[in-house]
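To start, the structure itself, in structure tokens.
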Amino acid sequence: MERVFFLIFAGVAIGAALNLLVRRNPLHGALSLLVALGALTGLYVLLGAYFIAVIQVIVYAGAIMVLFVFVIMLLNVRVEETRLDRRPYFKWLAIPFAALLVGEIGYILKEFPTNPLPSGQDVGVTATVGRELFTRYLLPFEVTSVLILIATIGAVILARRE
């Protein structure tokens, strides 16, 4: 039964992620992202990582999605869509980034067998997540915080231009 739920949640997450990529309306894309985040929450519950599932709902599906919707509404994205159509050379810039993404995926697939998934009673427990976050993964946590701050400042600057 667990395998059936895993396949359902994984299928919904993949379908919503693909729908996110093909939508031209950014609000529809944001809603597809919300569905993908909900399906990921189901996968976390199946893995027994209840704390991560709750954080997924509160932080990502709640706060971050509200921020996305506000930014989409503030930037008036319909004007930006017409600007992109006038610059066809931007499409050619995607090729090196796509090659970089494929290289990263290949590297992760190559390294995955050497990094097995954690198991045991401590996976997803609040105390374990907090300890690992502020000891072993402190630098990536701080770098991520700085990146989010920079993205927020950039969104405010873009919104104030008009």
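Keep in mind the model is a prediction, meaning the values are calculated, not measured. Note that the numbering runs from 1 along the sequence shown for the chain.
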(message) Grouping I, L, V, M, F, W and Y whenever their side-chain heavy atoms are under 4.5 Å apart, do Phe9 and Leu31 come out in a common cluster?
(response) no
(request) Find the distance between CZ (Arg23) and CG (Leu18) and round it off to the nearest 0.5 Å. (result) 12.0 Å
(message) Would a single hydrophobic cluster contain both Val57 and Ile52, if residues Ile, Leu, Val, Met, Phe, Trp and Tyr are joined by side-chain heavy-atom contacts under 4.5 Å?
(response) no
(request) Any chance you could measure Ile55, atom CD1, to Thr41, atom OG1, to the nearest 0.5 Å? (result) 11.0 Å
(request) Please report the closest heavy-atom contact between Tyr44 and Ala53, naming both atoms and the distance. (result) CB-CB, 3.9 Å
(message) The test is side chain to side chain contact (heavy atoms under 4.5 Å, CB included); show your working for Tyr60 and Met65 and say whether it passes.
(response) CA-CA 6 Å; Tyr60 292 105; Met65 286 306 301; over 6 Å; no
(request) Return the minimal non-hydrogen interatomic distance between Ala36 and Ala16, and the atom names on each side. (result) N-CB, 3.7 Å
(message) As an exercise, state the distance from CG of Leu149 to CD1 of Ile153, rounded to the nearest 0.5 Å.
(response) 4.0 Å
(request) Considering non-hydrogen atoms only, spot the tightest contact between Asn19 and Ser32 and give its length. (result) ND2-OG, 2.9 Å
(request) Drop me the distance from Leu33's CG to Leu40's CG, to the nearest 0.5 angstrom. (result) 9.0 Å
(request) Over all heavy atoms of both residues, which pair between Leu46 and Phe5 is shortest? Give the atoms and the distance, please. (result) CD1-C, 3.7 Å
(request) Report the distance from atom CD of Glu142 to atom CZ of Phe134, rounding to the nearest 0.5 Å. (result) 7.5 Å
(request) Give a yes or no on whether Leu7 and Met1 share a hydrophobic cluster (residues Ile, Leu, Val, Met, Phe, Trp, Tyr; joining criterion: side-chain heavy atoms under 4.5 Å apart). (result) yes
(request) Verify side chain to side chain contact (heavy atoms under 4.5 Å, CB included) between Leu133 and Leu138, making sure each step is shown before the conclusion. (result) CA-CA 6 Å; Leu133 190 63; Leu138 181 63; over 6 Å; no
(message) Let me check something: do Leu139 and Leu147 share a hydrophobic cluster, defined by ILVMFWY side-chain heavy atoms less than 4.5 Å apart, either directly or through other members?
(response) yes
(request) Working to the nearest 0.5 Å, report the span between CD of Glu2 and CG of Leu47. (result) 8.0 Å
(request) List the atom of Leu20, the atom of Ala30, and the distance in Å for their closest heavy-atom pair. (result) CD1-N, 4.4 Å
